[in-house]
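Bear in mind that the values here come from a model prediction, so they are computed numbers and not experimental data.
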2 protein chains.
Amino acid sequence: MPFNRELLKGSIALLLLRLLSERDMYGYEIIQEAARRSEDVFEFKEGTLYPALHQLHKRGYLRSEWRLGASGKQRKYYGLTAAGRKQAQRGERDWHLFTQTVNAILTRTKT
Amino acid sequence: MPFNRELLKGSIALLLLRLLSERDMYGYEIIQEAARRSEDVFEFKEGTLYPALHQLHKRGYLRSEWRLGASGKQRKYYGLTAAGRKQAQRGERDWHLFTQTVNAILTRTKT
DNA sequence: CCTTATACATCGTTATACGATGTATGGTCA
DNA sequence: TGACCATACATCGTATAACGATGTATAAGG
């Protein structure tokens, strides 16, 4: 990642919920999709992604299902539950409040 | 804090550097100033702030100095070093790249 | 047949935020 | 004067997150 990775903490869950709010995806697909949409700013690693998905699933925000893809390989598709949709909305609210507040401090005229 | 605290990780150092780029401050003052400017969205705890300041000092981004305040109490004032100013600029660059990229993913029209 | 990309998973390390706790001082007010 | 509170600094232990390393397996393609 071309920026301080610490910034990413706490945002990964939100990004996953948001991406999956559009369509069901499997893990590897999420990695590629996030990279594509961010023009390679985001490059999630498996060691980051899979545990994050498992945790969201365990908390009831995601459902998962094995499906046979067009390639003939088994893939584990994830999608949002009702609770997941609510959590995604909460997450977006938090995100906007947080970033606006940081920006309010950052944009002060330098003395 | 009225939002998912995980979001804050990685941003505290940036906020401290930015606040101290305006004027020297002591720890307790930073907590109050951050709360004031953010309208109480940010409420840093001592357990968060002091270790963060120590770390930034150890990395050479801050200088520190005991001064006798108007109240007659000893206070430890912090200010930016040249390296700290550079780091603050890097941090702001990273912050903008990061938030713009997240927003690019969040603002997609929902399907 | 061998390599590469795909695809899922877990473990151990590192780092962070922070609640809890401790200590000390100065101001306020009964 | 004595009690209490806000101020002010500090450290320790806990919980958690990101992720590098590593392992396994399959399909595609030269």
Would you mind reading off the distance between [X] atom [atom1] and [N] atom [atom2], rounded to a whole angstrom?
X: B:Leu49; N: C:dG19; atom1: CG; atom2: P; result: 13 Å
X: A:Leu14; N: D:dA17; atom1: CG; atom2: P; result: 14 Å
X: A:Gln55; N: C:dC8; atom1: CD; atom2: C1'; result: 18 Å
X: A:Glu29; N: C:dC8; atom1: CD; atom2: C1'; result: 14 Å

Using a 3.5 Å cut-off and no angle test, enumerate the donor-acceptor pairs between side-chain atoms of residues 40-50 of chain B and protein atoms at least two apart in sequence or in another chain.
none

Could you give all pairs that pass the salt bridge (charged side-chain N to carboxylate O under 4.0 Å, His left out) test and reach residues 6-15 of chain B, with sequence neighbours left out? B:Glu6-B:Lys9

Does anything in residues 49-58 of chain A form a salt bridge (charged side-chain N to carboxylate O under 4.0 Å, His left out)? List the pairs, not counting sequence neighbours. none

I'd like to compare against my own output: the B/S/- annotation of nucleotides 18-25 of chain D with a strict under-4.0 Å heavy-atom distance to protein. SBBB----

OP1 or OP2 of [N] less than 4.0 angstrom from a side-chain nitrogen or oxygen of [X], does that happen here?
X: B:Tyr50; N: D:dA10; result: no
X: A:His54; N: C:dT10; result: yes
X: A:Gln74; N: D:dT26; result: no

Considering every strand and a 4.0 Å limit on heavy-atom distances, what is the contact class for B:Arg67: base, sugar-phosphate, or nothing? nothing

Among residues at least two apart in sequence or on other chains, which ones pass side-chain contact (heavy atoms from CB on, under 4.5 Å) with A:Gln100? A:His96

Could you check which residues of residues 30-41 of chain B get a heavy atom under 4.0 Å from DNA chain D? Sort them by number, please. B:Gln32

